[in-house]
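Just so you know, ligand 1 is whichever comes first in the structure, and atom 1 is the first atom listed for that ligand.
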Amino acid sequence: MLPADSVDARSVAVIGGGPAGLMAAEVLIQGGARVDLFDAMPSVGRKLLMAGRGGLNLTHAESAEAFLARYGTRRAQIEPLLKAFGPEALRGWIHGLGIDTFVGTSGRVFPTGMKAAPLLRAWLRRLRESGVRFHMRHRWCGWTERGALRFATPQGEQSIDTHTVVLALGGGSWARLGSTGAWVPLLTQRGVPVAALQPSNCGFDVGWSEHFRTRFAGHPVKSVIAACADSSGLAYRQQGEFVVTANGVEGSLIYALSARVRDEITAAGSAVIHLDLAPGMALQRLIAELSRPRGARSMANHLRSRLGIEGVKAGLIRELVSTQDFADPARLGAAIKALPLRLIAARPLDEAISSAGGVAFEALDERLMIRALPGVFCAGEMLDWEAPTGGYLLTACFASGRAAGLGALAWIEAGGIEPMPSNRGPRRVDG
Ligand SMILES: Cc1cc2nc3c(=O)[nH]c(=O)nc-3n(C[C@H](O)[C@H](O)[C@H](O)COP(=O)(O)OP(=O)(O)OC[C@H]3O[C@@H](n4cnc5c(N)ncnc54)[C@H](O)[C@@H]3O)c2cc1C
């Protein structure tokens with residue numbers, strides 16, 4: 001970092017204009033800082049807008065205990081952030097932007113209209129009016145030898161002097177929306193521990209037969225229960241739906257299991273989940289129905305007429321059950337209640353909804369400042385936590401952005417840098 005007397009001590013550079021960076025910028029400007037926000041892309045919030053395509057799931061209305069449990073092994077690190085700015089506070093903040101929210105039947109919380117664009121538009125207007133200055137097409141490339149921030153811009157490389165920085169660079173999925181994960185070596189080179197970015201909320205490869213792939217790719221499978229056990233033997237079951245893809249499976253039910261499945265594949269080379277294709281029917285009743293005389297009818301017809309199992313569900317059974325088991329009512333019934341599906345690889349990070357891995361919490365203080373880089377704060381998906389879909393991702397991104405922004409404010413107020421009389425923004429030193 002530069003000597004304290006060279007730039008305005010109250011100016012903060014926020015790098016990354018996703019939900020975390022924008023939230024950091026907001027609390028900083030409200031706290032009296034001068035805020036310059038830089039983003040590599042021509043506009044901010046691209047992943048937020050993409051999230052709004054399928055219905056922007058902002059947060060969840062379940063109990064605090066259930067909500068916190070979604071953060072798994074990182075609960076202890078995320079809990080204080082959500083205590084300060086949890087689902088209720090987030091909804092209040094969104095209402096303050098003039099956007100109403102509603103709770104869907106599953107408890108998920110959405111903005112009225114489901115889209116992200118009105119929220120982002122209102123938010124950016126408020127940020128601009130408050131004085132946040134936006135610098136698009138500025139890709140952060142690390143620090144100069146003197147400690148200035150380096151940016152690649154359409155005008156060539158530029159470096160910016162500033163003492164206080166909030167990094168909110170996102171994870172590594174959907175790189176075309178801006179979060180490429182290219183920041184990882186920039187921090188590890190400076191001695192910051194970063195857990196490797198991995199796909200989270202992702203699909204998996206199965207290796208379907210050509211026949212099954214051609215016939216059923218794109219078909220939704222609903223409603224089923226998927227069960228798996230993690231490496232410690234802990235069982236997990238959830239009801240929902242998924243989609244058969246050309247390579248394997250994806251969709252909300254698969255995403256919910258994805259962290260366990262991914263870790264099991266890493267440890268053992270593959271992971272088996274069990275599908276209950278008839279969640280509403282007990283095994284005994286299933287076997288009794290399958291055992292009824294079927295005359296000249298095929299077992300496939302019998303499945304359809306007695307149990308309503310047809311289409312992709314019947315296809316899965318034919319794909320995964322041996323001919324002998326298919327012909328035996330007891331063994332077929334057992335397979336319908338617990339159909340083993342072997343998943344062999346996670347889909348690539350770029351296809352995932354989110355990333356696991358990132359800056360280790362152990363490297364940060366309670367204000368989310370990197371201990372090894374005083375004045376540098378981190379927020380959002382670039383931190384080492386993961387959560388299922390359901391609004392938990394955005395909630396923690398908003399909350400950590402707010403915490404990092406408040407942390408940066410406290411840092412400058414506590415004299416992390418001597419206050420200067422001038423009111424200049426960050427100073428461009430070359431380029
Ligand atoms: C298809 C899809 C649907 C989703 N739906 C939901 C949902 O409904 N609910 C939910 O909770 N979550 C959802 N998510 C996840 C959620 O959108 C992300 O977790 C969230 O956007 C992460 O916020 P962030 O601010 O940490 O990072 P991002 O939103 O990824 O923003 C990071 C920003 O940093 C910029 N940047 C990166 N590197 C640099 C650099 N070197 N220099 C300058 N700028 C840089 C990027 O351009 C980007 O603007 C979805 C994700 C996807 C892909």
Please report the interatomic distance [atom1]([X]) to [atom2]([Y]), rounded to the nearest 0.5 Å.
{"X": "Thr164", "Y": "Phe377", "atom1": "OG1", "atom2": "CZ", "answer": "7.0 Å"}
{"X": "Arg70", "Y": "Glu62", "atom1": "CZ", "atom2": "CD", "answer": "4.0 Å"}
{"X": "Leu341", "Y": "Cys228", "atom1": "CG", "atom2": "SG", "answer": "11.5 Å"}
{"X": "Ser43", "Y": "Met41", "atom1": "OG", "atom2": "CE", "answer": "7.0 Å"}

Return a yes/no value for [X]: is any of its N or O atoms, backbone included, closer than 3.5 angstrom to an N or O of ligand 1?
{"X": "Ser173", "answer": "no"}
{"X": "Ala20", "answer": "yes"}
{"X": "Ser179", "answer": "yes"}
{"X": "Gly380", "answer": "no"}

Could you tell me, atom by atom, which parts of ligand 1 come under 4.0 Å of a heavy atom of [X]?
{"X": "Met41", "answer": "47 (O)"}
{"X": "His138", "answer": "42 (N), 43 (C)"}
{"X": "Gly18", "answer": "25 (O), 29 (O), 31 (O), 33 (C)"}
{"X": "Gly170", "answer": "26 (O), 27 (O), 30 (O), 32 (C)"}
{"X": "Gly178", "answer": "36 (N), 37 (C), 38 (N), 46 (C), 47 (O)"}
{"X": "Gly391", "answer": "11 (O)"}
{"X": "Met50", "answer": "1 (C)"}

[atom] [closest protein heavy-atom partner, distance rounded to 0.1 Å]:
{"atom": "atom 5 (N) of ligand 1", "value": "Ala51 CB, 3.2 Å"}
{"atom": "atom 34 (O) of ligand 1", "value": "Gly16 CA, 3.3 Å"}
{"atom": "atom 48 (C) of ligand 1", "value": "Asp39 OD2, 3.4 Å"}
{"atom": "atom 7 (C) of ligand 1", "value": "Asn57 O, 3.7 Å"}
{"atom": "atom 17 (O) of ligand 1", "value": "Lys47 CG, 3.7 Å"}
{"atom": "atom 18 (C) of ligand 1", "value": "Glu381 OE1, 3.1 Å"}
{"atom": "atom 44 (N) of ligand 1", "value": "Ala40 N, 3.0 Å"}
{"atom": "atom 45 (C) of ligand 1", "value": "Leu169 CD2, 3.7 Å"}

Ligand 1 contacted by [X] (non-hydrogen, < 4.0 Å):
{"X": "Trp174", "result": "yes"}
{"X": "Ile353", "result": "yes"}
{"X": "Arg46", "result": "no"}
{"X": "Pro19", "result": "yes"}

Under 3.5 Å, is there a donor-acceptor pair between the side chain of Arg402 and the main chain of Val27? no
Check whether any side-chain N or O of Lys337 sits under 3.5 Å from a backbone N or O of Leu283 as a donor-acceptor pair, and report yes or no.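 Answer holds: no.
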Best match, Leu394, Leu393, Val44: closest heavy atom to atom 15 (C) of ligand 1: Leu393
Check each of Asn57, Leu82, Leu81, Ile78 against Thr395 using the side chain to side chain contact (heavy atoms under 4.5 Å, CB included) test, and report the only one that passes.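 Option passing the side chain to side chain contact (heavy atoms under 4.5 Å, CB included) with Thr395: Leu82.
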Ring geometry between [Y] and [X] (parallel below 30°, tilted from 30 to 60°, perpendicular above 60°):
{"X": "Phe38", "Y": "His135", "result": "parallel"}
{"X": "Phe398", "Y": "Trp93", "result": "tilted"}
{"X": "Trp143", "Y": "Trp140", "result": "perpendicular"}
{"X": "His219", "Y": "Phe216", "result": "perpendicular"}

Using a heavy-atom cut-off of under 4.0 Å, does the side chain or the backbone of [X] touch ligand 1, or both, or neither?
{"X": "Thr180", "result": "neither"}
{"X": "Ala168", "result": "backbone"}
{"X": "Trp140", "result": "both"}
{"X": "Met382", "result": "neither"}

Report yes if some heavy atom in the side chain of Met136 is under 4.5 Å from a heavy atom in the side chain of Val44; otherwise report no.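 Heavy-atom side-chain distance check passes, below 4.5 Å.
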Heavy-atom neighbours of Arg213 CZ exceed 12 at 6.0 Å: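 Yes, because the 6.0 Å sphere around CZ of Arg213 holds more than 12 heavy atoms from other groups.
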Side chain to side chain donor-acceptor pair (under 3.5 Å) evaluation trace for Asn201 with Thr389: CA-CA 7 Å; Asn201 294 301; Thr389 56; 4.5 Å; no
Starting from the C-alpha separation in whole Å, work towards a yes-or-no answer on salt bridge (charged side-chain N to carboxylate O under 4.0 Å, His left out) for Glu145 and Arg150. CA-CA 10 Å; Glu145 272 182 18; Arg150 288 177 55 217; over 6 Å; no
Do Gln239 and Ser223 have side-chain N/O donor and acceptor atoms under 3.5 Å apart? yes
